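Working notes, beginning with the structure itself.
Everything numeric here is computed off the predicted structure, so don't read it as measured data. Letters A, B, ... are given to chains in the order of the sequence lines, protein chains preceding strands, and every chain is numbered from 1.
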Amino acid sequence: MPNLPAYTQIQQTLKLVPAGTVVSYGQLADLAGLPGRARLVGRCLKEAGSEALPWHRVLRADGKIAFPAGSDAAGEQRQRLIAEGVMVRNYRVKLSEFGWQPDSYTLLHRLQF
DNA sequence: AGGTTGACGGTTG
DNA sequence: GCAACCGCCAACC
């Protein structure tokens, strides 16, 4: 697996995202200490496969599921989100309603990587 | 070594 | 709200 250190940070940070909430690729990159590296998050998740990560909680900055609407992957992500109580309308989620806002404790803990 | 490719994001029309 | 562009950058020809 390429770029191991960065990928590890991304995955550890993703594990902190609680069920029922979502984050954007860019937000996750920022929280992982990799500002502006949203695309790296995408590559990371692609290689990680379904490695026990809550990958379905990661959406685009506008709240849309990144996979093409109607694809198998998009359908599965939609189901997983709904199963957690996240409202998904046309492959889109209201970030103002379900977006994750890490508390100061979590934020502090994250800084000790 | 150089061109292409995206699980992205911000701007613009 | 949508689509076309453009900047981005590591992986992959």
Side-chain angles (χ1 to χ4, degrees):
Chain A
M1 168 140 17
N3 211 346
L4 197 48
Y7 284 8
T8 300
Q9 289 180 198
I10 292 169
Q11 296 179 6
Q12 290 305 307
T13 306
L14 175 53
K15 288 179 183 173
L16 301 178
V17 180
T21 68
V22 298
V23 287
S24 73
Y25 293 87
Q27 182 188 356
L28 183 53
D30 292 344
L31 292 170
L34 302 161
R37 316 294 292 284
R39 284 195 112 126
L40 186 62
V41 173
R43 283 193 300 269
C44 172
L45 294 185
K46 170 182 255 186
E47 302 202 15
S50 41
E51 189 177 322
L53 289 172
W55 57 269
H56 55 285
R57 294 176 199 149
V58 188
L59 305 171
R60 293 181 85 133
D62 60 2
K64 281 192 3 179
I65 288 175
F67 297 107
S71 66
D72 280 357
E76 181 181 353
Q77 186 165 11
R78 183 177 67 91
Q79 288 305 323
R80 283 175 175 248
L81 288 171
I82 291 171
E84 292 185 350
V86 176
M87 187 194 293
V88 183
R89 188 179 48 161
N90 282 59
Y91 298 95
R92 194 175 320 158
V93 172
K94 274 192 186 180
L95 296 184
S96 59
E97 189 171 353
F98 297 101
W100 181 43
Q101 340 230 326
D103 55 65
S104 55
Y105 174 79
T106 302
L107 220 46
L108 204 60
H109 186 274
R110 192 212 68 65
L111 290 176
Q112 330 214 324
F113 267 25

If I take atom [atom1] in residue [X] and atom [atom2] in nucleotide [N], what distance separates them, rounded to the nearest angstrom?
{"X": "A:Leu34", "N": "C:dA10", "atom1": "CG", "atom2": "C1'", "value": "13 Å"}
{"X": "A:Leu31", "N": "B:dC8", "atom1": "CG", "atom2": "C1'", "value": "16 Å"}
{"X": "A:Lys64", "N": "C:dG1", "atom1": "NZ", "atom2": "C1'", "value": "9 Å"}
{"X": "A:Leu59", "N": "B:dC8", "atom1": "CG", "atom2": "P", "value": "11 Å"}
{"X": "A:Asp72", "N": "B:dA7", "atom1": "CG", "atom2": "P", "value": "15 Å"}
{"X": "A:Arg39", "N": "C:dC12", "atom1": "CZ", "atom2": "P", "value": "15 Å"}
{"X": "A:Tyr7", "N": "B:dA7", "atom1": "OH", "atom2": "P", "value": "12 Å"}
{"X": "A:Leu28", "N": "B:dC8", "atom1": "CG", "atom2": "C1'", "value": "12 Å"}

Please state whether the phosphate of [N], meaning OP1 or OP2, lies under 4.0 angstrom from any side-chain nitrogen or oxygen of [X].
{"X": "A:Arg60", "N": "B:dA7", "result": "no"}
{"X": "A:Ser24", "N": "B:dC8", "result": "no"}
{"X": "A:Arg37", "N": "B:dA7", "result": "no"}

- Can you tell me if CG on A:Asp62 sees more than 12 non-hydrogen neighbours from other groups inside 6.0 Å?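 Above 12, so yes.
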Which nucleotide wins on minimum distance to the side chain of [X], given the candidates [options]?
{"X": "A:Trp55", "options": "B:dA7, C:dC12, B:dG9", "answer": "B:dA7"}
{"X": "A:Arg43", "options": "C:dG1, C:dA10, B:dC8", "answer": "C:dA10"}
{"X": "A:Ala61", "options": "B:dG10, B:dA7, B:dG6", "answer": "B:dG10"}
{"X": "A:Tyr25", "options": "B:dG10, B:dA7, B:dG6", "answer": "B:dA7"}
{"X": "A:Glu47", "options": "B:dC8, C:dC12, C:dA10", "answer": "C:dC12"}
{"X": "A:Phe67", "options": "B:dG9, B:dA7, C:dA10", "answer": "B:dA7"}

